[in-house]
Amino acid sequence: MRTGHDLELVHVTKRYGETVAVRDVSHVFTPGSYVCLLGPSGCGKSTTLRMIAGHENVSDGQIVLDGIDVSRRAPAKRGTAMMFQSYALFPHLNVRDNVAFSLRMKGIDKPARHAKANALLELVHMTDYADRLPAQLSGGQQQRVALARALVTEPKVLLLDEPLSALDPFLRIRMRAELKRLQRELGITFLHVTHGQDEALALADEVVVMNNAVIEQAGPAREVFNHPRTEFVARFMGGHNVITQGGGKVALRADDVKIDGKGLAATVTTVEYQGAVVSVTATTETGEDVLALVPEEQFFNAPKSPGDAVKLAWDEGRLHRLQA
């Protein structure tokens, strides 16, 4: 098991003319962990990843890997490797040669580079496809090849830009398990950009939530979900209500809201069956929408329909104050 390497952003800024895409971001990533950079489109997460990879210049600040500022180095000289959304495999090369390509560029002889490529194809369960061309592979298989190709250089940090977005939902969940397994086996830092909260929660040891070019909150996945600092994080992570109380805002998990005989008067607006839970949205007399996630059996014992008057209750101890 390799030990993780320290990756640190020091006051990193990226400007495109007047536009600031990333604003004075400083963060130390937990070495040897699975990190998800999470946020809406245009928040700066992909730009941050591309600056770490060296595919985008840093306007200000440093990218430090293992104590060395690599922000002026060429991508191949940084100790990072990037896996792109499009996989970008060479159509005329077979799978083995695609994986071995960067070793060929370094002048490594054929037997040595093929041996290395074969070992990585075994790691991603693609040994049987080594002689095929990319066009003969499914999307999930192409992705495994792209992953092996990124890992062949033995990077200290693997960078993944929305790697699962092109896959269908079933395959996406399977590939999540594969990525997690690989990260554990290799023991290196995976830095994965996504806009899907479920993907981040499923994969990440550390979630870094970005919004408007800055890091809004970072920490272990459970901590960020259970203790959002701001209204943005609470809403973006999903599963929370943000309600006004005593002149301030508080977050309340939707599964902590009870629909019963006493409490706050509200009117049901939508009901969605989601399998294990039923999602019920009700509007209070002050016009705030409150989401309740009700266990399936409990809901169907006393079903509700849009237009029904209900009472909403929760344990005050479950409210979580948000920063303004």
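Residue numbers count from 1 along this sequence. The basis for the numbers below is simple: all heavy atoms, side chains too, and nothing from hydrogens, waters or symmetry mates.
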_Please evaluate residues L9 and S26 with respect to the criterion side-chain contact (heavy atoms from CB on, under 4.5 Å), reporting the C-alpha separation (whole Å), side-chain torsions for both, the decisive distance (0.1 Å), and the verdict._
CA-CA 5 Å; L9 305 179; S26 292; 5.7 Å; no

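- If you take CD on E56 and OG on S71, they are separated by 13.5 Å, rounding to the nearest 0.5 Å.
- Applying the ring pair (Phe, Tyr, Trp, His ring centres under 6.0 Å) test to pairs two or more places apart or on separate chains, those with a residue in residues 9-42 are H27-F29, Y34-F190, Y34-H192.
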*Report the C-alpha distance between R229 and E216 in whole Å, list the side-chain angles of each, state the deciding distance to 0.1 Å, and finish with yes or no for salt bridge (Lys or Arg N to Asp or Glu O under 4.0 Å).*
CA-CA 8 Å; R229 276 195 214 132; E216 190 105 356; over 6 Å; no

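- Residue pairs meeting the ring pair (Phe, Tyr, Trp, His ring centres under 6.0 Å) criterion with at least one member in residues 114-161, sequence neighbours excluded, do not occur.
- Residue-environment remark: CZ (R172) exceeds the threshold of 12 foreign heavy atoms within 6.0 Å.
- In this structure, R15 pairs ionically with D60, as a charged nitrogen and a carboxylate oxygen lie closer than 4.0 Å.
- Side-chain atoms of E272 do not come within 3.5 Å of backbone N or O of V278 as any donor-acceptor pair.
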_side-chain contact (heavy atoms from CB on, under 4.5 Å) between L252 and L319, worked out_ = CA-CA 5 Å; L252 172 67; L319 294 174; 3.9 Å; yes

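- Using a distance-only test at 3.5 Å, with no hydrogens or angles considered, no donor-acceptor pair links the side chain of D24 to the main chain of T13.
- The ring pair (Phe, Tyr, Trp, His ring centres under 6.0 Å) contacts involving residues 206-264 comprise F225-H240, H227-H320, F232-F236, where partners must be two or more places apart or lie in separate chains.
- Between E231 and R235 there is a salt bridge, with a side-chain nitrogen of the basic residue lying less than 4.0 Å from a carboxylate oxygen of the acidic one.
- Remark: E285 CD is loosely packed, at most 12 non-hydrogen atoms of other residues, nucleotides or ligands lying under 6.0 Å away.
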